[in-house]
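Letters A, B, ... are given to chains in the order of the sequence lines, protein chains preceding strands, and every chain is numbered from 1.
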Number of protein chains: 2
Amino acid sequence: MSHPVACCYLKTGRALMSTQRPDARQLPSRRIADDLRQAIETGELLPGARLPSERELAGQYGTARNTAREAIRLLTDEGLVIPEHGRGVFVRRESPLIRLGNDRYSHKYRESGLSPFLLECAKQGKTGRFEVLSIDQAQPSAEVARHLRLPMSEPSVLVRENVFYADQDPVHRVTTYIPWTIAEGTGLLNPEVGHPYGIHGILEERGHTMTRLRESVSARMPKPEETRYLHLPPAVPVLDVLHLSIDQDHNPYELTRFVMRADLTGLLYDTPIE
Amino acid sequence: MSHPVACCYLKTGRALMSTQRPDARQLPSRRIADDLRQAIETGELLPGARLPSERELAGQYGTARNTAREAIRLLTDEGLVIPEHGRGVFVRRESPLIRLGNDRYSHKYRESGLSPFLLECAKQGKTGRFEVLSIDQAQPSAEVARHLRLPMSEPSVLVRENVFYADQDPVHRVTTYIPWTIAEGTGLLNPEVGHPYGIHGILEERGHTMTRLRESVSARMPKPEETRYLHLPPAVPVLDVLHLSIDQDHNPYELTRFVMRADLTGLLYDTPIE
DNA sequence: GAGTGGTCTAGACCACCTA
DNA sequence: AGGTGGTCTAGACCACTCC
């Protein structure tokens, strides 16, 4: 954080960077961002520390406030820093990730009553819980019907919407689809049933025991709607996991989409080579 | 794309939004962004289509150019749109994902000579290939040593850096760590060995057959360095996968970090419930 | 009330692309 | 040459937070 008054502009705002190569880091906003990034990476600015204010940076570097602001935005987009309205800009703290393992469906957890999500939360001194947002009968999208191999004749599914919390933070948005023929007349329509994996006890009684799972994983930026649901800070991607349960007859019988905030949660797969 | 000249400012730039509630979408930049987002979502603006220029938008909405620009930035950060210098701002096209499956280490692919990465590329009419960036002997980080259970006495590892391409796009940056005691004297130091999974043939000859894998998956925004390596457009997160190979004696013997651009690649796990 | 980030104005010059 | 996005200036008022 040196470089006091490195003004390189003439009075009209005409820049002197004309002779520089195109992708130069000579741009004032990049220079400010680079200096701050380095201060963060070397530990000069520790997680949680406040950066100089935009007005201070502008003064130190002899630029307009907007230029300092642009530098902050670069760091924000990298996820290094988070601005808080009226308070300042702070170096982001990293949390250890709550990892959802593929063993979460294992029978070894069935008796404990605790789902691996709750176990992982507990490991990190957090309180896990979830809320049921909705339970409905609905027509599945083409994608859902395809994964569940639903015939055209009977395309109705049960849809459960849940949100998982770690302490106060919503971390997963979970949507589960079950063919109506399987869900019909069971406790699955009852919000009281502990969704996370309690539903699989019910599904076993209906003759579907999970013998395999198939999960496709991708990452993307959240939709505006997801930013609201999950209270996402800027520059936090989501993991988008499509989970399919396969029963003893090699038939899919349950599909769940997990949208997970990626700065607090991750995945873990431990599997044999076949 | 209606709203011509919706000017709501007095001469000094004083806004009339004082009486609005805080998080209002009444802000001019949000209004422009919302209109454009809707046009994209309804298909009025198809993938690949050019948006009105910043100056056009500013004129249409009666705002300064910077305000239209801010709207574009909001959409850019959502990954909906991509600005191209000198050409315009375009609605992003989505590619089908190349999925790396956990079966990529399966013996069934060993004979075919094709790695699943190459197979997936071929499925989508793309040409897969990879380049060896470097092969070195080095001291592992604490994290690498911990995963490979390296004793303090002999902490040296072989490090291979690779980049995978789909057509011209670099999509994975792959770093492999193998304990030096295992790698020593083998063909692993030779860049000619087809890395992807060819190294596992060599490791088998050294007495390590993969019987399990353990992969932890997370997503995050790329570091500036990764943005350069992978030629990442804005608002594209990376999948960060730490793969550990476990041999027939339940010992880890190979660790690989995959950094994958998430708009072109994903993961797929198909595993039994244990 | 003083300080902070958030949004906006109305200009300017630059680098890049296309014709 | 003319249009596009990229960066910057030097101001302004707003909303929020903390004292």
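- Toward the 5' end of DNA chain D, the nearer of the two residues Asn66(B) and Arg50(B), judged by each one's closest nucleotide, is Arg50(B).
- At a cut-off of 3.5 angstrom, the base of dG6(C) holds no donor-acceptor pair with the side chain of Arg73(A).
- Ser29(B) has a side-chain polar atom (N or O) that falls below the 4.0 Å cut-off from OP1 or OP2 of dC8(C).
- Using a 4.0 Å cut-off on heavy atoms, the residues of residues 80-87 of chain B that approach DNA chain C are His85(B), Gly86(B), Arg87(B), listed by number.
- Checking the phosphate oxygens (OP1, OP2) of dG6(C), a side-chain nitrogen or oxygen of Arg69(A) falls inside 4.0 Å.
- Tyr165(B) and Phe130(B) have their aromatic ring centers separated by at least 6.0 angstrom.
- Look at Arg55(B) and you won't find any side-chain N or O under 4.0 angstrom from OP1 or OP2 of dT4(D).
- In this structure, a donor-acceptor pair under 3.5 Å is absent between the side chains of Thr67(B) and Ser29(B).
- Ring orientation note: the planes of Tyr269(B) and Tyr269(A) are close to parallel, at an angle under 30° on the 30°/60° scale.
- Figure legend: Arg50(B) and Phe90(B) shown without cation-pi pairing, the cationic atom not lying both under 6.0 angstrom from the six-membered ring centre and within 45 degrees of its axis.
- Under a cutoff of 6.0 Å and an axis angle of 45°, Arg104(B) and Phe164(B) do not form a cation-pi pair.
- What separates CD of Glu70(B) from C1' of dT9(C) is a distance of 14 Å, to the nearest Å.
- Note on Ser53(B): a side-chain N or O is less than 4.0 Å away from OP1 or OP2 of dT4(D).
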